[in-house]
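I have placed the structure first, in the form of structure tokens, so that the comments after it can refer back to it.
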Amino acid sequence: MIPTHIGIIMDGNGRWAQQRGLARTQGHIEGLKAGKRLAKAASDMGIPYVTFYVFSTENWKRTADEVGFIMGLVRRYLRSEFNFSRENNIRVRYTGDLSGLPSDVAQDITDTCMESVGFTGTQIVLAINYGGKDEIVRSVRRALDKGHEISGETISIHLDNPDIPDPDLIIRTGGEKRMSNFLLWESAYAEFYFSEKLWPDWTADDLSVAIADFQKRERRFGGRGKLGS
Ligand code: IPE
Ligand code: IPE
Ligand code: MG
């Protein structure tokens, strides 16, 4: 079975650039191209949902120059890729704290999500100013505001996109083996795939290899599985 939802921690843009004697910003430009390439690949493979980790709640610690550059890239991408979405029937969605983003970036995100709402193919979720802890806190606040008791169920249904199934597979590129605050609640039973390859070098073939690896796993969800009968 192909995974229903894949989360991708796109890491290694800076190192990719440094290895070539280029500015880190050049790595982000190539990273954006890789994002588009992999969004197309996932759409061609018929993957229903892919969440791309674009910018974390911790990435504000970087220099103002780098943060500004990434925000600029996000805006340029959002404004220019409507045709890409339409041709591939891709719906763009958002997860993260929109209120913590510059208002022009937030507006472009809202507009892009609205414009593609009718596209029925792959749903691409952009995680921008996203933190797993922050999403859980915001969910609990929403639930409390509505007067709900706090339970696993009420937290799940007040997350940013409660209709989207939990990720089956989380991919991290760039060699580090950590979550870096990505989809903490939703990935409770996700399978993990770590790749040494830096994000700008990722291709459709790498995604196929990751999915083939996922397909060999036995998911037990705490039960006894095939060996346990
Ligand atoms: C990932 O690449 C992109 C973002 C976090 C925005 P990095 O910029 O973290 O690249 P490395 O890890 O420094 O190589
Ligand atoms: C994770 O990468 C965040 C994104 C890919 C957006 P980082 O480069 O920020 O993660 P750390 O700092 O190495 O954990
Ligand atoms: Mg990094």
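We count ligands from 1, going down the list as the structure has it; atoms in each ligand are counted the same way. The residues of the chain are indexed from 1 along the displayed sequence.
- In this structure, ligand 2 sits under 4.0 Å from heavy atoms belonging to I9, M10, D11, Y53, V54, F55, N59, R62, R172, R178, S180.
- A distance of 7.0 Å separates OG of S56 from CG of N181, quoted to the nearest 0.5 Å.
- Between the side chains of S195 and D206, no donor-acceptor pair of N or O atoms lies under 3.5 Å.
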inquiry  = Test side-chain hydrogen bond (donor to acceptor under 3.5 Å, both in side chains) on D97 and S99; report intermediate values, then the result.
reply    = CA-CA 5 Å; D97 182 5; S99 71; 2.6 Å; yes
What pairs of donor and acceptor atoms, side-chain ones from residues 17-25 against any protein atom, are under 3.5 angstrom apart with sequence neighbours left out?
residue: R20; atom: NH1; partner: W16; partner atom: O; Å: 2.9
residue: R24; atom: NE; partner: E66; partner atom: OE1; Å: 3.1
residue: R24; atom: NE; partner: E66; partner atom: OE2; Å: 3.3
residue: R24; atom: NH2; partner: E66; partner atom: OE2; Å: 3.3

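- Between R138 and D134 a salt bridge is recorded (basic side-chain N to carboxylate O distance below 4.0 Å).
- No hydrogens or angles considered: a donor-acceptor pair under 3.5 Å links the side chains of W60 and N129.
- At least one test fails for K40 against the ring of F84: distance under 6.0 Å to the centre or angle within 45° of the axis.
- The part of R24 lying near ligand 1 is the side chain, judged by heavy-atom distances below 4.0 Å.
- At a 4.0 Å cut-off, at least one heavy atom of H28 sits close enough to ligand 1 to count as contact.
- Inspection of the R172 and S180 side chains reveals an N or O donor paired with an N or O acceptor under 3.5 Å.
- Screening residues 86-119 for ring pair (Phe, Tyr, Trp, His ring centres under 6.0 Å), with sequence neighbours left out, gives F82-F119.
- Around the Mg ion (ligand 3), the protein contributes the following N, O or S atoms under 2.8 Å, ordered by chain and number: D11 OD1.
- With 3.5 Å as the limit, one finds a donor-acceptor pair spanning the side chains of N13 and H28.
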